[in-house]
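Right, one structure below, let's go through it.
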Amino acid sequence: MTFESRATGGYVQSASGQASFTYYSGCSAPACGKAASGYTAAINQLAFGAPPGAGAGDACGRCFAITGTADPISPSYTGPFNSIVVKVTDECPVNGNQEWCGQTQSNHNNQHGMPFHFDICQDTGGAGAFFPSGHGALTGTFTEVSCSQWSGSDGGALWDGACLSGETAGNWPATGCGNQGTAP
């Protein structure tokens, strides 16, 4: 797999690839600064594009089709698996989340061998739609898609694959919000 290493801060961002998936709750104050209804997710810090507390990273407002293909905790489980489209509204920081979001410049993969991680918001229904009953961690694939494929609302018609002010950006490696600070 080829990674798009961004010139700004060493972040690693790609429009498609392999990822791991978990879920979390308490999604009402996301790092992008704007909550949304519809399926949302946090992305690992190395892909998000900003350290915790630094504001919106380049991943903010981007939409991804995600598909589960395996359960790393129960490898004998063969499906069925689901696909959904999520909008990135939050960050999964390295600190405290090393197992899933521990990707760094020196080690691009997490403990499950995945270069990207999406933590799907349980509060907006995404986790319930994505994870099979009894399974809370999966691996699979992701592809950046137009946010016209996302069925949600973030309170504004223009926050669509770019930053918070409404401009649009092409799929990575095009710049939306831009990256902030230095990658982990």
Side-chain angles (χ1 to χ4, degrees), residues 11 13-17 19-69 80-93 96-97 100-101 114 116-172 174-180:
Y11 292 97
Q13 297 162 327
S14 179
S16 63
S20 53
F21 310 100
T22 54
Y23 64 88
Y24 74 115
S25 61
C27 316
S28 62
C32 292
K34 192 166 191 178
S37 64
Y39 303 156
T40 61
I43 196 169
N44 60 290
Q45 184 177 335
L46 188 61
F48 182 75
D58 202 51
C60 287
R62 293 182 183 275
C63 295
F64 296 89
I66 59 174
T67 301
T69 59
F81 294 102
N82 301 312
S83 297
I84 62 172
V85 173
V86 296
K87 180 177 272 195
V88 172
T89 59
D90 210 351
E91 171 180 26
C92 184
N97 301 292
W100 299 103
C101 298
M114 293 294 137
F116 294 91
H117 180 76
F118 291 84
D119 207 7
I120 302 165
C121 179
Q122 189 174 25
D123 305 350
T124 59
F130 185 73
F131 292 100
S133 180
H135 300 269
L138 297 176
T139 57
T141 60
F142 72 93
T143 301
E144 188 174 2
V145 297
S146 165
C147 286
S148 65
Q149 295 182 40
W150 177 67
S151 58
S153 173
D154 48 38
L158 296 177
W159 190 41
D160 186 19
C163 196
L164 306 180
S165 61
E167 72 275 16
T168 60
N171 290 352
W172 274 335
T175 301
C177 291
N179 293 322
Q180 314 293 325

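Taking a 6.0 Å sphere around OH of Tyr23, one finds it holds 12 or fewer heavy atoms contributed by other residues, nucleotides or ligands.
Here the OH-OG distance, from Tyr39 to Ser151, works out to 6.0 Å after rounding to the nearest 0.5 Å. Interatomic distance, Asp119 CG to Asp90 CG, rounded to the nearest 0.5 Å: 8.5 Å. In this structure, OG1 on Thr139 lies 15.0 Å from CZ on Phe116, to the nearest 0.5 angstrom. Expressed to the nearest 0.5 Å, how far SG of Cys92 lies from CG of Leu46 amounts to 12.0 Å. Distance check, rounded to the nearest 0.5 Å: SG of Cys101 to CE of Met114 gives 13.5 Å. Here the CZ-CZ distance, from Phe131 to Phe21, works out to 8.0 Å after rounding to the nearest 0.5 Å.
In this structure, Phe142 and Ala15 approach most closely via the heavy-atom pair CE1-C, 3.9 Å. Heavy-atom minimum distance, Pro80 versus Pro132: O-CG, 3.4 Å. Between Thr40 and Ala36 the shortest heavy-atom distance is CG2-CB, 3.9 Å. Contact between Gly55 and Ala50 at its shortest, heavy atoms only, is O-CB, 3.6 Å. Of all the heavy atoms in Ser83 and Thr67, the pair that sits closest is OG-OG1, 2.7 Å. Nearest heavy-atom pair across Phe48 and Cys32 is CE1-SG, 3.7 Å.
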### Message
Does Ile66 form a side chain to side chain contact (heavy atoms under 4.5 Å, CB included) with Ile84? I'd like the steps, not just the answer.
### Response
CA-CA 6 Å; Ile66 59 174; Ile84 62 172; 3.8 Å; yes
Stepwise side chain to side chain contact (heavy atoms under 4.5 Å, CB included) test for Gln149 and Cys63:
CA-CA 8 Å; Gln149 295 182 40; Cys63 295; over 6 Å; no
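Two residues are said to be in side-chain contact when any heavy atoms from C-beta on lie closer than 4.5 Å; Val145 and Trp150 fail this criterion.
Side chains of Asp123 and Ser25: no donor on one and acceptor on the other come within 3.5 Å.
The backbone N or O of Ala137 lies less than 3.5 Å from no partner atom in the side chain of Thr22, so there is not a single donor-acceptor pair. Checking side-chain atoms of Glu144 against main-chain N and O of Phe64 turns up no donor-acceptor pair under 3.5 Å. With Asp58 contributing its side chain and Gly49 its backbone, the two residues share no donor-acceptor pair below 3.5 Å. Judged by distance alone, with hydrogens and angles left aside, the side-chain atoms of Asn82 form a donor-acceptor pair with the main-chain N or O of Phe130 at under 3.5 Å.
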